[in-house]
Structure formats: C-alpha cells, structure tokens
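My questions all concern the structure below.
In what follows, chains carry the letters A, B, and so on, assigned in the order in which the sequence lines appear, proteins first and then strands, with residues in each chain numbered from 1.
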Number of protein chains: 2
Amino acid sequence: MKPVNLKKLAQELNLSIATVSRALNDRYDISQPTKDRVRALANKLNYEPNHHASSLRRNKSKTIGVVIPEVDNHFFSLAIKGIEEVARRNNYHVLIYLSHEDYQRELAVMRLLASGRVDGVLLSVASESQDFAHLDLLRERGIPVVLFDRVYAGKDMPKVTTDDYESGYRATQHLLEAGCRVIAHLTIAHTLSISQRRMQGYQAALQQFRVPYDEELVVCEAAGKPQSASLPQTLLTQRPDIDGIFAAVESLAMSSYEACHNLGLRIPKDVKIIGFSNLKTASLLAPPLTTITQPAYEIGKEAASVLFQAVVKNRLVSAAQSKELKSELIVRASTASTTLSSKEPVALALALGR
Amino acid sequence: MKPVNLKKLAQELNLSIATVSRALNDRYDISQPTKDRVRALANKLNYEPNHHASSLRRNKSKTIGVVIPEVDNHFFSLAIKGIEEVARRNNYHVLIYLSHEDYQRELAVMRLLASGRVDGVLLSVASESQDFAHLDLLRERGIPVVLFDRVYAGKDMPKVTTDDYESGYRATQHLLEAGCRVIAHLTIAHTLSISQRRMQGYQAALQQFRVPYDEELVVCEAAGKPQSASLPQTLLTQRPDIDGIFAAVESLAMSSYEACHNLGLRIPKDVKIIGFSNLKTASLLAPPLTTITQPAYEIGKEAASVLFQAVVKNRLVSAAQSKELKSELIVRASTASTTLSSKEPVALALALGR
DNA sequence: ATTAATTACGTAAACGTTTCCGGAGATTAA
DNA sequence: TTAATCTCCGGAAACGTTTACGTAATTAAT
C-alpha cells in the first residue's frame, strides 16, 4: 500500500536519493560502508526499484516482445521456453503476443511495440501476413527485430530458421524410397518463405526420382481454420491414388491420420505419412509418426541470443547475423516400407481396422 | 531514432503538451476541432505514447504477469491462450515467467513483480513450492493475485480450479468398473492441493468399491525430473500385479505408455491407463488414451477475467471470487473393458508386440 | 604550508506523461 | 455595464529513477 522507494530509503538512512540509487547500483563513488547500510535496509524493506521510472530514465525497458501465431503448438511453446531461458539469464522480461495468424493483429501489436515498451522483438510472422511495412516501423524507432522460423525473406534483418529446403527434400526422398509415387504435399500459406523452401525441396526430390510434379497434389491450408481439418480427407477422396503424404505442419499430419481412420486407409500400407512435428508423443501414435523435427527449443534460444547481441550493443543488426539450424528426420512406422516386413503391417492394419 | 512524443506534436501544432495529451485522451475540455487536428498529426507521425512514462504517472502498467511451471505442455499453453485473449480484449499486455517447478525461481519472479511492474498476477505454483510468503509480498503492495489450477489452499485469494476431487473419483471409478483391482496412482508433489484432492477422489472411489488402499501403489514424482520418466517402469516391475494406472499428470501417462511398451505389457488387456491430459492427439495414440481433460482454455480465460475484475476496481479480491470448472472424462480404448470384445485386444497386442 | 588531486556525497535536471490549478476570452444574466 | 458562467487551453508539478555537475572534506604532492 505505502510504496517503498528511494526517497523512503534515503530518509530512513539520512542520505540523499542519489546516494542511495548509486549505492544500489554499486557505483564506484560510494563508500563500502554506505553501500552495505543501504543494501541492508533495502533488503529489509523488500525494496524493488520501480521498473517504469527506471525504464523511462534509462530509455531501456529490460523487456523483449515475442510475437507468434499461436502457442498451443509444441513448436512455439518450446521456442518460448528457449526464449524465456535466454531472457532470464540476461535479466530480461518477456512480453508475449499471439497474432492468431491474423495480419491485423500482428500489425496492431507491432505498432504498440514501437513506442519504447520493449528493447527488441522476436517475431514469427502470421501466415496471413503479406505486407511487411510494420517491420520498418520498429526499424525507424531503432528497435531491433529478429525473425524466427516463419520469416520474411525480403527484409535485411536477422533470421533464425531451419534447413527447410533440405528437410523438404529429405522428407520427400524418404517417402519415395519407401515406394511412394503419388505424394501429396499439405502446406500452409505459400507466401511464407518457409513454405516455399519446403515445397522446393519437395519438388527437387520428385525431379530426382523422375516423378512428375502434379499441382493437384499440393494443397494449401487457408487462413480460415475450419475447413483445414477436413482438408486431407477431401484430398484423399478426390485422389484415391495417393500413397504418400508430406505434411508441412503438425496439425495437417494429425488431420491426415484422422482422415485415414475415417476412410479406412491403412498407414503405412495404403498411405505413408511424414510430417513436420514436435510432438512428444509421435512415437506413441498408432502407428508411430515419422517426423521432421525442428530443434524448437534451440531456435528459441538462438533467436533470443541474436537479439540480445543487438540489444546490448544498442544497434540494429543485419541479415548477416542469421542462423540456420538443422532439423532431424526421425523414421518411425508411419513410413515403413511395406515390402520389408509382412507381419507388422497386418498388426497395424488390424489395429486401425476397428 | 528521433522519438515522436507529446512535445514534438505540441510544437508542430502550436499547442501545449497538456492540450495534446488531453486531446489524445479524449477529454471533455478540448474542442472537437483541436482533437481532430491533434489526432490527425498523431496518426501521420505514427505517434505511440511512451508506455513507461504513462505507467509511472498513472501508477498503472496495463500489464499482467503470468507465472507458470512450464509452457511445453498443452494445459498451460492453452491456458496462456485464454489469458492472452482476455488480456487483449482489455488492452492489457502479458508478461510470462516460467518457474520450471523451482521454488527459488518462483520467489525471484514474484519479488520482481512486486515493484509495480504489473497490475496483477496469475500464478500456477511450482510443485516444489511449500512456502507461500511470497504471495503476501504482492498483497502488501496491493497487487491482486489469482491462482489457477495449481493453487495454494492456505491463502484468502481467488482460485480458479477444476473439480479435482470428483475427477479423481470418476477416473478411479472408471478403472474399477472396467475391472481393475490393483490401481496405481501416479502423481506430483502432494503438497499441492490439486494433488491432494485428486488423491482423495482416488481413495474415496477405492473405498466405495471396497478395494483396500495400498500406500505402495501411490507414487509421487519428485521435483528433480530425471527419474520421473522411469518412475512408472520401476513401479510396474516392483508390482507386477498392477492392472490399472491413474496418472495425475499428462507426462506420467505418457511414461506409463512407454513403460508398458518396454515391459511388454498390453494396454488395456494387462494394464488399463487413464490420465489427466490435454493432448490433442490422445485419440491417435496406440491405443487411444482415456483422459480426464481439463478445460484449460476456459480456465485461462476465467482466471484472467477474475483478475481483471480486481484490476479495474483497483482492489484486492478474496477467495469468494473463486471458480471451479468441470473436467471431462473422455473414454477411449486404453481403459476398454477386456471382457467386452476379444478381437480388439489381439490386434492391439500385435500392434504393441513389436 | 599551499595547492592539487581524490573521495564521498548532495543538488538538481531530465525522461514523457498526466493532471491540478488557474486564466484569458467568449457568452450569458442581471 | 458589470458580474457570473462556460469553454478551451497553458503552466507547472508530480510519478521514481538516473546522472551530470558541484562541493566539502580528506589525502597527496610540492
């Protein structure tokens, strides 16, 4: 109720406010005895400096903003964990904002953040976003921005991503080697460079195996979520010849599983599925899902580290600071080659047949 | 680089700083033409008020703090989603802190938050926490705190929880009705009221079915994580007579699955498993997991709503504002009664047998 | 002993905003 | 005409902190 601030401490100790402040900040021109006295009382009264006053004066908020499309998703929640970890180590605070894949929300948030509320921003852009002028808004104000995973290629800013082209290539290659020849590619907004690169990997692998590229097999999830759940199902009914699915995001892999259940398709016998995913339970699924797993936690840590390099130096950073981490292909039963073993598919078929 | 603040706007418009401020805040004593002029320029120059100056002056930060044990967990990430939603609607910002189940971290965070950085706090306590004096710290400063899910019963503060006793009862009852007689209960820190209530429900159901309570069957996950993964496995080897597992948290349900895999135990034939969980993929597991699912998103929304009632009224709230939401029992194959069908367990056994 | 350097602290301005107080000018009432 | 009211705006203080500058007292240098 009654705040304990520098004035209070100063009165109690018969010192000036300035001296108390400098003692707490461990400045050189304060004697050790005084420092001890001040700290003792500060501790006793549970003094905590007023963050807003301090931020206002220093023009430094000790806070970063994190803007992501969603949080109920293992990739982003792990990324947050990494970000929080690095922030805490630097004595920084983390503000979180969800764009819900909505460009307008993303824009509104960026506007808010342009007023000195944060010292830096980590952004993973919404799938809807096509205009990136809001990034300049922060730039003009001298607030460094680091993009991660869902990046925008056009701007000269640091980006932390994974090897999406290679991952897309390896995923498709894996399906091809398992015998698939009609491989669907389920993806999100193709305006995202991340989607484009995965797609390019997909195409390159097809070409390598002399499998013709079929536009009909590439389906893009629209921003409006409702139909996306049934997206794999409609595709699978339209094209019963599909024998492999490469899902560029976790949710599409899951709805592919559901679609196969509903349509009575057996995984991996009828359709093999591989998907980008950070699901901890991938190995417990029926059947266990082959995944491309991004190092989400490390991405978060890396992105935050790059940002802090900029924040402490108090200057903007360029694309030169960008990093690319490697994703991991984890082979499980959902892409098991049906020619290898005959026993296993039967069991799986039975398990799924109910 | 060059900030656009009230002074700048005032100079440009030949007005005083006070007038510009009042115009932007839509005060009654500013003429409409002036308001229009001010707003036009503010818009043109992308003016955003300095949050720290404003917070300092108004003694209101328009920010709440959220302190949770972890984020890579569907329950908490969904809760955050709900919290962010309500916060955004009230034009509030959300600071996030992870305690990592560590009391010291939780304490440190609460200390930081006691300095007027936030207008309110949402807390789900770490499993390690036994001392709750840090809650008083905020209370003394007049900062309202709302506990959710992992609450502490001892304090007179609002709590948003689920019907943990009933859920524990129903979960155990469900296993008993499915034929289980030796039911293990895997839980976390028993200092948490949430664990105690689930446990009480467990005991009550046992009593109702005249099954003796066996202390050995109740295992509590320690704070140090490493051994918790193998916790179900050691229990299942020590007590091969176990025919049912009730996991009070998602992670323990998952490690129970893994333990059964490793030990060659068939679910649900040898062991039936039910667990608290918000896994979206519960129905895709092998076998699909019967869950007690908490309305995590709603809990987040509700907790935030209660907090905002306190924040806008600028006063502390009491336990009277507490809410209890209902969890849902979702029956799936992991607790299927083995006497019902003979075909299904065979398939599942085969599927798991590899 | 006088001056210069050093130590340890106080004074006051500044950060950008909000708000109390007041005041000039216009309008109305008497 | 004078007084009262109202409308619209400016001056200045305040929020709690940091920091440039100043200064008295002590120590070192000459």
Checklist outcome for this item: Per the under-4.0 Å heavy-atom filter, residues of residues 28-44 of chain B near DNA chain C come out as none

Next on the checklist: For C:dT18 and B:Asn25 - does any side-chain N or O of the residue sit under 4.0 Å from the phosphate oxygens OP1/OP2?
Outcome noted: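 So the side-chain polar atoms of B:Asn25 do come within 4.0 Å of the phosphate oxygens OP1 or OP2 of C:dT18, strictly under.
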
Checklist entry - Looking at C:dT11, D:dT17, C:dT18, which one has an atom nearest to any side-chain atom of A:Pro49? => result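 Per side-chain heavy atoms of A:Pro49, the pick is D:dT17.
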
Checklist entry - Which residues pass the side-chain contact (heavy atoms from CB on, under 4.5 Å) test with A:Gln321, sequence neighbours left out? => result A:Pro158, A:Val306, A:Gln309, A:Val317, A:Ser318

Checklist entry - OP1 or OP2 of C:dT17 less than 4.0 angstrom from a side-chain nitrogen or oxygen of B:Ser21, does that happen here? => result no

Next on the checklist: Can you list everything that forms a salt bridge (charged side-chain N to carboxylate O under 4.0 Å, His left out) with A:Glu324? Sequence neighbours excluded, please.
Outcome noted: A:Arg197

Checklist entry - What pairs of residues pass the ring pair (Phe, Tyr, Trp, His ring centres under 6.0 Å) test when at least one of them lies in residues 49-83 of chain A, not counting sequence neighbours? => result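 Qualifying pairs, neighbours excluded: A:His51-B:His52, A:His52-B:His51, A:His52-B:His52, A:His74-B:His74.
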
Next on the checklist: Going by salt bridge (charged side-chain N to carboxylate O under 4.0 Å, His left out), name the pairs with one or both residues in residues 49-66 of chain B, residues two or more places apart or in two chains.
Outcome noted: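 Counting only pairs at least two positions apart or across chains, no salt bridge (charged side-chain N to carboxylate O under 4.0 Å, His left out) contact touches residues 49-66 of chain B.
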
Next on the checklist: If you compare every side-chain N and O of B:Asn5 against the phosphate oxygens of C:dG16 (OP1, OP2), does one of them come in below 4.0 Å?
Outcome noted: yes

Next on the checklist: For A:Arg117, give me all partners under salt bridge (charged side-chain N to carboxylate O under 4.0 Å, His left out), at least two apart in sequence or on another chain.
Outcome noted: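 For A:Arg117, no residue satisfies salt bridge (charged side-chain N to carboxylate O under 4.0 Å, His left out) once neighbours in sequence are set aside.
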
Checklist entry - Do A:Arg22 and A:Asn25 come close enough that some side-chain heavy atom pair is under 4.5 Å? => result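 SC-SC contact between A:Arg22 and A:Asn25 ruled out.
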
Item to check | Phosphate-side-chain proximity, A:Arg27 and D:dT19, N/O vs OP1/OP2 below 4.0 Å | outcome: yes

Item to check | Set of side-chain contact (heavy atoms from CB on, under 4.5 Å) partners for B:Leu13, sequence neighbours left out | outcome: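 Partners of B:Leu13 under the side-chain contact (heavy atoms from CB on, under 4.5 Å) test: B:Leu15, B:Arg37, B:Val38, B:Leu41.
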
Next on the checklist: Do the side chains of A:Glu85 and A:Arg89 get close enough for a salt bridge, i.e. N-O under 4.0 angstrom?
Outcome noted: yes

Checklist entry - Heavy-atom distance under 4.5 Å between the side chains of B:Leu9 and B:Leu45, does that happen here? => result yes

Checklist entry - Just how far, in rounded Å, is P of C:dA12 from NZ of A:Lys7? => result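 It is 15 Å, rounded to the nearest whole Å.
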
Checklist entry - Between A:Glu48 (CD) and D:dG16 (P), how many Å, whole number? => result 15 Å

Checklist entry - Taking atom P of D:dC15 as reference, at what distance in whole Å does atom NZ of B:Lys62 sit? => result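 My rounded result for the distance is 22 Å.
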
Checklist entry - Roughly how many Å is it from CG in B:Asn59 to P in D:dA14, rounded to a whole number? => result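 Taking CG of B:Asn59 and P of D:dA14, I get 16 Å after rounding.
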
Item to check | Residues B:Arg150, B:Glu101: salt bridge by 4.0 Å N-O rule | outcome: yes

Checklist entry - Got a sec? Which of residues 8-20 of chain B come in under 4.0 Å of DNA chain D, heavy atoms? => result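 Contacting residues: B:Asn14, B:Leu15, B:Ser16, B:Ala18, B:Thr19.
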
Checklist entry - Hey, can you pull the residues of residues 51-58 of chain B with a non-hydrogen atom under 4.0 angstrom from DNA chain C? => result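 Contacting residues: B:Ala53, B:Ser54, B:Arg57, B:Arg58.
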
Item to check | Rounded interatomic separation in angstrom, taking CG from A:Leu6 and P from D:dA14 | outcome: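 From A:Leu6 CG to D:dA14 P: 18 Å.
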
Item to check | Residue pairs fulfilling ring pair (Phe, Tyr, Trp, His ring centres under 6.0 Å) with at least one residue in residues 77-102 of chain A, sequence neighbours excluded | outcome: A:Tyr92-A:Phe308, A:His93-B:Tyr97, A:Tyr97-B:His93

Next on the checklist: Could you tell me if the side chain of B:Pro144 sits less than 4.5 Å from the side chain of B:Leu307, heavy atoms only?
Outcome noted: yes

Checklist entry - Is there a side-chain contact between B:Leu192 and B:Val125, using heavy atoms and a 4.5 Å cut-off? => result yes

Item to check | By salt bridge (charged side-chain N to carboxylate O under 4.0 Å, His left out) - contacts of B:Asp136 (at least two apart) | outcome: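 B:Lys155.
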
Item to check | Interatomic distance where OH belongs to A:Tyr47 and P belongs to D:dG16 [whole Å] | outcome: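 About 10 Å, once rounded to whole Å.
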
Checklist entry - How far does the helix from C:dA1-D:dT30 to C:dA30-D:dT1 bend, going by the axes of its first and last five pairs, to the nearest 10°? => result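 One end's axis against the other's: 60°.
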
